[in-house]
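Remarks on the structure that follows.
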Amino acid sequence: MNARWLNAAALVWLASSAAHAATESEAEPGTAPQVIVTATRTAETADATLAAVTVITREDIERLQPLSVADLILGSAGVAVANNGGLGKLTSVFLRGTNSDQVLVLIDGVKVGSATSGTTAFENLPVDQIERIEIVRGPRSSLYGSEAIGGVIQIFTRKGGGATTPYFSAGVGSYWTGKGNVGISGGGERGWFDVSVADLETQGFNACRGTATAGCFTYEPDRDGYRNLSTSLHGGYRFDNGVEVDLHALRAEGKTQYDGTFVNETEFVQQVFGGSVRFSPLDPWRVTLSASESTDDEDNLLNGAFKSFFDTTRDTFSLQNDVALGKDHLATLGADVQDDRVGSDTAFTATSRENVGVFAQYQGTFGRSRVQLSARNDDSNQFGSNTTGSAAWGLTLTESLRLTASYGTAFKAPTFNDLYDPFFGNPNLQPEKSQSAEVGVAGHSRWGAWSLNAFRTRIRELIVFDATTSHPVNINSALIRGIEAVGSTVVLGWRIGVSLTLLDPENQSADANNGNLLPRRAEQSGKIDFDRGFGKFKFGVTVFAEGRRFDTLA
């Protein structure tokens, strides 16, 4: 059992699954490093990747005891979070100072989010169903396509495996908050399965104390509650001939209340399901076929009366070929097909779009140097063709010290709201585009591990609302510069983890806001974790701080 003061007043673990491997930052020298897949779409160890990556494991989740995904990733290097009033309220995640819709989010490899707003509802993702999270900072459009300007956040649900093990947890907290999770996992040596159900409810609090002319532009002195009931299913098997089949599904549904003039309640459904088959036609050749569907549905109400609905359905099909060109060389060739469909009582002038992306990647090691090269072309029936690329290089100076450098381009496609809203859309919008450069150094020793990364990102053709025409236009630009530092050590039995982000997110648009900070990004943020075990008990404290930030461009 462990306990940590963070959000819940008390949390009791009645049973738990088997122990998991520590994250890279927590691993003792000589232990096996964490395996990650998001940075290159192939399995590689965290100490070998050329990308800046943060890995959050199931062990970390049980140690930190967060009530939401936002709580879990808050304070991670390069990550900023803006929340509009507690559990279940609109939550925006910014990665390396980019906009919240310039971060690609995957669940078990499936691209999720709303095609109308362009963002992911982090507030509705159930943290109890998560096995681990990989946060890859920096552009990744050359592998994943649109949205990966700031980076990629991939969430993996509980997978199972090993001996059959039931687990259960429960918790209570302030504002009449309660949560529970029950599940079972197993599968043996070749198989894996996990079935889990989780519930989170709170009466909430009055998040906005404005008046009819300020703040929320309404006066509703009531509590704003939230509930989320989620189910996760994951299973697969590896056959004697090496063929591997994996199936997964995640569904979260519930209701959130807030203060608003036109709507003040939302009923939501977030759902992802998919499957993949992996096999090797020849020894050096690995093929992965996958198909998936994600939905983002919401019904908006005012005091219980229906007002509007917005539904997004996204179907994705992928083919990936990984071919070993020798011991230390790997080539990857693949294609993604994505089909977005929107259903709404808003009369969008177009309700579907299709994108076909083809990509190639090379990874190789030459003595002390490691190289990664990738390129991708996305062809959309909505906004044409976009080509992106990336190059990264790493040099091992000693067994405990390595330098890295990288450059990449990325793009973000306009949303359905941007293009096809019947009152405010502009069908002539072009994708937002970026160029990013980064250098880094990382090391480890007996006392711990550390890394330092500096980056510079230029974003052009930013989409903003033009009050003179009442339509969005491509006029803005931004320059984002930053430094990220991460370290971990053990002192007198205490495990200490530190992350620090220094950011200069400058608006460079040709208007009165030129030179201002981009909204909702703090220039300084940092987190310190202290943890220590006492037999079967663990105790920990988290301290998070950030500098000022503003809510508007002005």
- Do N514 and Q508 have side-chain atoms, one donor and one acceptor, less than 3.5 Å apart? no
- Message: For the residue pair D340 / Q338, report whether a side-chain donor-acceptor contact shorter than 3.5 Å exists.
- Response: yes
- Answer yes or no: are there more than 12 heavy-atom neighbours, outside Y175 itself, under 6.0 Å from its atom OH? no
- Task: Of all the heavy-atom pairs spanning L200 and L67, show the shortest one and how long it is.
- Result: CD2-O, 3.6 Å
- Distance-minimising heavy-atom pair for S525 and F544: CB-CE1, 4.4 Å
- Item | Donor-acceptor under 3.5 Å (E134 side chain, V37 main chain) | yes
- Query: Given T415 and N417, is the side chain to side chain donor-acceptor pair (under 3.5 Å) satisfied, shown in steps?
  - Reply: CA-CA 5 Å; T415 67; N417 285 352; 5.1 Å; no
- Query: Salt bridge or not for E484 and R96, using N-O below 4.0 Å?
  - Reply: yes
- Query: After noting the C-alpha distance and the side-chain angles of Y420 and Q382, does the key distance pass the side chain to side chain contact (heavy atoms under 4.5 Å, CB included) rule?
  - Reply: CA-CA 11 Å; Y420 301 131; Q382 186 185 66; 3.1 Å; yes
- For the residue pair F273 and L233, establish whether any side-chain heavy-atom pair is separated by less than 4.5 Å. no
- Would you kindly say whether N228 and Y226 are connected by a side-chain donor-acceptor distance under 3.5 Å? yes
- Query: Any side-chain heavy-atom pair from I56 and I73 closer than 4.5 angstrom?
  - Reply: yes
- Using modelled atom types only, decide if a donor and an acceptor are shared between the side chain of R132 and the backbone of I155 within a distance under 3.5 Å. no
- Item | Any V81 side-chain heavy atom under 4.5 Å of V79 side chain | yes
- Taking N381 for its side chain and E354 for its backbone only, find out whether a donor-acceptor pair lies under 3.5 Å. yes
- Task: Taking only Lys NZ, Arg NE, NH1 and NH2, and the carboxylate oxygens of Asp or Glu, determine whether K179 and D199 approach each other closer than 4.0 Å.
- Result: no
- Task: Please lay out, stage by stage, how S436 and S434 fare under the test side chain to side chain donor-acceptor pair (under 3.5 Å).
- Result: CA-CA 7 Å; S436 298; S434 72; 4.5 Å; no
- Electrostatic pair K255:E265 at N-O distance under 4.0 angstrom: yes
- Task: Indicate yes or no: does R456 engage E438 in a salt bridge with an N to O separation below 4.0 Å.
- Result: no
- Message: Using the rule given for side chain to side chain contact (heavy atoms under 4.5 Å, CB included), can you reason through E523 versus R549, listing the C-alpha separation, both sets of side-chain angles and the distance that settles it, and then say yes or no?
- Response: CA-CA 7 Å; E523 294 174 280; R549 55 182 178 176; over 6 Å; no
- Message: Minimum heavy-atom separation for A39 and I36, please, with both atom names.
- Response: CB-CD1, 4.5 Å
- Message: Does either side chain, that of N99 or that of R520, offer a donor lying less than 3.5 Å from an acceptor on the other one?
- Response: no
- Message: Contact between V53 and I135 at the side-chain level, heavy atoms closer than 4.5 Å - yes or no?
- Response: no
- Query: Taking the six-membered ring of F205, is NZ or CZ of R223 closer than 6.0 Å to its centre and within 45° of its axis?
  - Reply: no
- Task: Examine distances only and state if a side-chain atom of R227 and a backbone atom of T256 form a donor-acceptor pair shorter than 3.5 Å.
- Result: no
- Heavy-atom nearest pair, A52 first then N453, reads CB-ND2, 4.1 Å
- Pair E506 + R481, salt bridge at N-O below 4.0 Å: yes
- Item | Where S146 and K111 come nearest, the two heavy atoms and their spacing | O-NZ, 3.7 Å
- Query: Quick one: do the N516 and N507 side chains pair a donor with an acceptor below 3.5 Å?
  - Reply: no
- Item | Salt bridge present between D194 and R158 (N-O < 4.0 angstrom) | no
- Item | N300 and T266: side chain donor to acceptor below 3.5 Å | yes
- Distance-only donor-acceptor check, side chains T177 and T202, under 3.5 Å: yes
- Item | N264 and Q257: side chain donor to acceptor below 3.5 Å | no
- Mind running salt bridge (Lys or Arg N to Asp or Glu O under 4.0 Å) on R63 and E59 for me, showing each step along the way? CA-CA 6 Å; R63 176 176 59 87; E59 182 186 51; over 6 Å; no
- Is there a side-chain contact between V473 and N428, using heavy atoms and a 4.5 Å cut-off? no
- Query: With distance as the sole test, does T346 use its side chain to make a donor-acceptor pair with the main-chain N or O of F348 at under 3.5 Å?
  - Reply: no
- State, to 0.1 Å, how close F411 and S141 come at their nearest heavy-atom pair, and which atoms those are. N-OG, 3.2 Å
- Stepwise side chain to side chain contact (heavy atoms under 4.5 Å, CB included) test for V541 and V543: CA-CA 7 Å; V541 174; V543 179; 4.2 Å; yes
- Atom pair CZ (R314) and CZ (R341), whose distance is rounded to the nearest 0.5 Å: 11.0 Å
- Query: For S196, does its backbone N or O pair with a side-chain atom of S232 as donor and acceptor, under 3.5 Å?
  - Reply: no
- Query: Would Y144 and T388 count as a side chain to side chain contact (heavy atoms under 4.5 Å, CB included) if you check the C-alpha gap in whole Å, the side-chain angles of each, and the deciding distance to 0.1 Å?
  - Reply: CA-CA 10 Å; Y144 292 101; T388 52; over 6 Å; no
- Is there a donor-acceptor contact under 3.5 Å from the side chain of E432 to the main chain of R460? no
- Does a donor on one side chain and an acceptor on the other come within less than 3.5 Å for Q524 and E546? no
- Quick one: pull up CG in L479 and CD1 in I459 and give me the separation to the nearest 0.5 Å. 9.0 Å
- Message: For a quick check under 3.5 Å, do N84 and T91 share a side-chain donor-acceptor pair by atom type?
- Response: no
- Expected output: side-chain T57 to main-chain D60 donor-acceptor under 3.5 Å: yes
- Item | Rounded distance [0.5 Å steps], CD1 in I133 versus OG1 in T38 | 10.5 Å
- Query: Are the side chain of S230 and the backbone N or O of P126 linked by a donor-acceptor pair below 3.5 Å?
  - Reply: no
- Task: Indicate yes or no: does R251 engage E253 in a salt bridge with an N to O separation below 4.0 Å.
- Result: yes
- Message: Can you tell me if K433 has over 12 outside heavy atoms packed within less than 6.0 Å of its NZ?
- Response: no
- Message: Is it true that T119 and D101 share a donor-acceptor pair across their side chains at a distance under 3.5 Å?
- Response: no
- Candidate pair T542 and D529, rule side chain to side chain donor-acceptor pair (under 3.5 Å), full reasoning: CA-CA 5 Å; T542 295; D529 279 325; 2.5 Å; yes
- Query: Under the 3.5 angstrom rule, does the side chain of N476 hit a backbone N or O of L462 as a donor-acceptor pair?
  - Reply: no
- Measure the shortest side-chain to side-chain distance between V103 and T120 over non-hydrogen atoms and say whether it is less than 4.5 angstrom. no
- Does a donor on one side chain and an acceptor on the other come within less than 3.5 Å for T295 and D297? no
- Message: Does any part of the side chain of V127, heavy atoms only, come nearer than 4.5 Å to the side chain of S68, both counted from C-beta?
- Response: no
- Evaluate the criterion side chain to side chain donor-acceptor pair (under 3.5 Å) for residue pair E131 and T157; output intermediate values, then yes/no. CA-CA 5 Å; E131 180 74 24; T157 58; over 6 Å; no
- Contact check, side chains of S499 and K527, non-hydrogen atoms, under 4.5 Å: yes
